[in-house]
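Numbers here simply count residues along the sequence, with the first being 1.
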Amino acid sequence: MADAKVIPFGDEPRSRRGTGGSRAGAGKRSGARKSGTQGALAPVPQQRTPAEDGPQEAAKEPEEQGGGWERRIAGGLAFLRRRITGDYEVDEFGYDRELTDQVLMSMIRPFYEKYFRVEVKGIENIPAEGGALIVANHSGTLPLDGLMLQAAVHDEHPAGRHLRLLAADLVFVLPVVNELARKAGHTLACAEDAQALLERGELVGVMPEGFKGIGKPFSERYKLQRFGRGGFVSTALRAGAPIVPCSIVGAEEIYPMIGNSKTLARVLGFPYFPITPTFPWLGPLGAVPLPTKWTIQFGEPIETKDYPADAAEDPMLMFNLTDQVREQIQHTLYKLLVQRRSVFF
C-alpha cells in the first residue's frame, strides 16, 4: 500500500453549507431569460399529479432516486480505492480530513443527534476563520464530551470548522485509540503543538481539568476542578488567538461514578478505575452510557491580541485570565443547570 501524501496545515476548511452562491447564480440566469415587456404577469402553471402526467413522467422520481444511490455507491467505491492505494492526504500530525468527514463523524453523529440529543448555544461566538482556543469543562468518566464537542463545532458552525482537541498521553499509548485519535485531528496536549495549530488558523480545544475532571466522583458533579497553572492562556497569548469558554451539561450523568478502585487502576496503569451503578456488575452492558440530554454553550470570546508581546511571561496576568475563564464556565454551568427540566429530557 502506498504512503499517504503529507500536506501543509494552512488550508481552510470548506463550508458545507455554502450553497447560497449557486442559488444566486440560478436567479441571475433566470432573470436573463425574462421578456423585455414589463408589467405583464405570466400565468401560474397548474400543478399536476404523477397520474395526470402519464407513466413516463411518473417514473422520473424513482429514476432520480436510483441515480442518487448509484452516485453514493460510486463515491463509496472511489473512497475505498483511495484508501487502498494511499491516494489521500494527511498533515504533519496525522490528521486525515477525508476519513474524519466521511467515516469518523458519521460514527459519532448518531450519538450526537439521537442518543444524547445535543443542543448547541452560542455557536456564533466561534470565529468563522482564524485560530481560536476553545476551553471546556471535562467530565463523564469516559471522554465522550470531547467527541460531542468536536461534532458540535463541525455540524453546527456555518463554516463547518474542524476542532483539534489536545489529548492526554494515555490516549496515544492505547492501541487502536491512538490511530483513531490522530486520524481525527487530535494531538498531544503540549504548548508547542497547540501554538503551532493556532498560528496556522486552526480551532484548538482543551479541557484543563484533565483526569481530575473526568474522574471526579458523582457527588462533585458540575464543580470545576483546578485548571492547572494557566498553560492554555499562555499559549493563546503567544499565538494572539481568542479564548472561547465552553460549558457542557449532560456528560456528568452518563456514567455516575460512585467509587474508584485504586488497586485495579494501579495494576492497569489507569489514572482511576470507575465503579458505577452498572459497571462492572453488568459486564459489557454496564459500559453503555445513560441517554442523558446534553447542552453545549459557547461563551463570548476573550481577546488576547491586544496584550503586549511579553504578556505570556506575566504570572499575575496568567492567573487572572485563567480565573476569568474558569469562572465564566462555572457560572454558565450553574445557569444551564437551573434551566434544565430533567437529566434525560
Quiz item: Is a side-chain donor or acceptor of R326 paired with a backbone partner of F227 at a separation under 3.5 angstrom?
Solution: no
* Check whether more than 12 heavy atoms from other residues, nucleotides or ligands sit under 6.0 Å from atom CD of E300, and answer yes or no. => no
Worksheet entry | SB check R238 E313 (cutoff 4.0 Å) | yes
Quiz item: Do side-chain atoms of N125 reach the backbone of P301 as a donor and acceptor pair under 3.5 angstrom?
Solution: no
Determine yes or no for a side-chain-to-main-chain donor-acceptor pair under 3.5 angstrom, with H162 supplying the side chain and R97 the backbone. no
**Asked** In terms of hydrophobic clustering (I, L, V, M, F, W, Y; side-chain heavy atoms under 4.5 Å; direct or indirect links), are W294 and F345 co-clustered?
**Response** no
Kindly say whether H138 contributes a backbone atom to a donor-acceptor pair with the side chain of E209 at under 3.5 angstrom? yes
Query raised in the report: Is the shortest side-chain N to carboxylate O distance from E253 to R340 below 4.0 Å?
Result: yes
Note to self: Does the structure place the NZ or CZ of R221 under 6.0 Å from the centre of the six-membered ring of F218, at an angle of no more than 45° from the ring's axis?
What the structure shows: yes
- Message: Membership question, hydrophobic clusters at under 4.5 Å side-chain separation (ILVMFWY): are I248 and I108 in the same one?
- Response: yes
(Q) Determine whether a donor-acceptor pair (N or O, by modelled atom type, separation under 3.5 Å) exists between the side chain of T235 and the backbone of Q195. (A) no
Following the transitive rule for hydrophobic clusters with a side-chain heavy-atom cut-off under 4.5 Å over Ile, Leu, Val, Met, Phe, Trp and Tyr, establish whether L104 and V90 coincide in one cluster.
no
>> Between Y222 (side chain only) and G250 (backbone N and O only), is there a donor and an acceptor less than 3.5 Å apart?
In response: yes
### Message
A quick test of your reading: do over 12 heavy atoms of other residues, nucleotides or ligands sit less than 6.0 Å from OH of Y115?
### Response
yes
Partner of P245 under side-chain contact (heavy atoms from CB on, under 4.5 Å), picked from Q324, Q328, H331, Q330, is Q328
Applying side chain to side chain contact (heavy atoms under 4.5 Å, CB included) to A311 and not counting sequence neighbours gives L237, Y307, P308, L317
Result for side-chain contact (heavy atoms from CB on, under 4.5 Å) between F232 and one of V135, L166, I134 points to V135
Taking everything shown except F319 itself, do over 12 heavy atoms lie less than 6.0 Å from its CZ? no
When you measure from the side chain of N260 to the backbone N and O of F273, does any donor-acceptor pair fall under 3.5 Å?
yes
- Given side chain to side chain contact (heavy atoms under 4.5 Å, CB included), test K293 with S342 step by step and report yes or no. CA-CA 8 Å; K293 175 72 169 64; S342 167; over 6 Å; no
The reported gap from CZ in R161 to CD in Q150 (rounded to nearest 0.5 angstrom) is 13.5 Å
Q. Between the main-chain N or O of A265 and the side-chain N or O of Y272, is there a donor-acceptor pair closer than 3.5 Å?
A. no
Residue set satisfying side chain to side chain donor-acceptor pair (under 3.5 Å) with R117, at least two apart, ordered chain then number -> none
Only one of T141, T278, L290 passes side-chain contact (heavy atoms from CB on, under 4.5 Å) with P256, and that residue is L290
Examine F79 and M105 and state if one hydrophobic cluster contains both, with Ile, Leu, Val, Met, Phe, Trp and Tyr joined whenever side-chain heavy atoms are less than 4.5 Å apart.
no
task = Say whether V173 and L180 are linked into one hydrophobic cluster, either directly or through other cluster members, by side-chain heavy-atom distances under 4.5 angstrom.
result = no
**Message:** Whether the side chain of T100 engages the backbone of K183 through a donor-acceptor N/O pair (distance < 3.5 Å, no angle test) should be reported.
**Reply:** yes
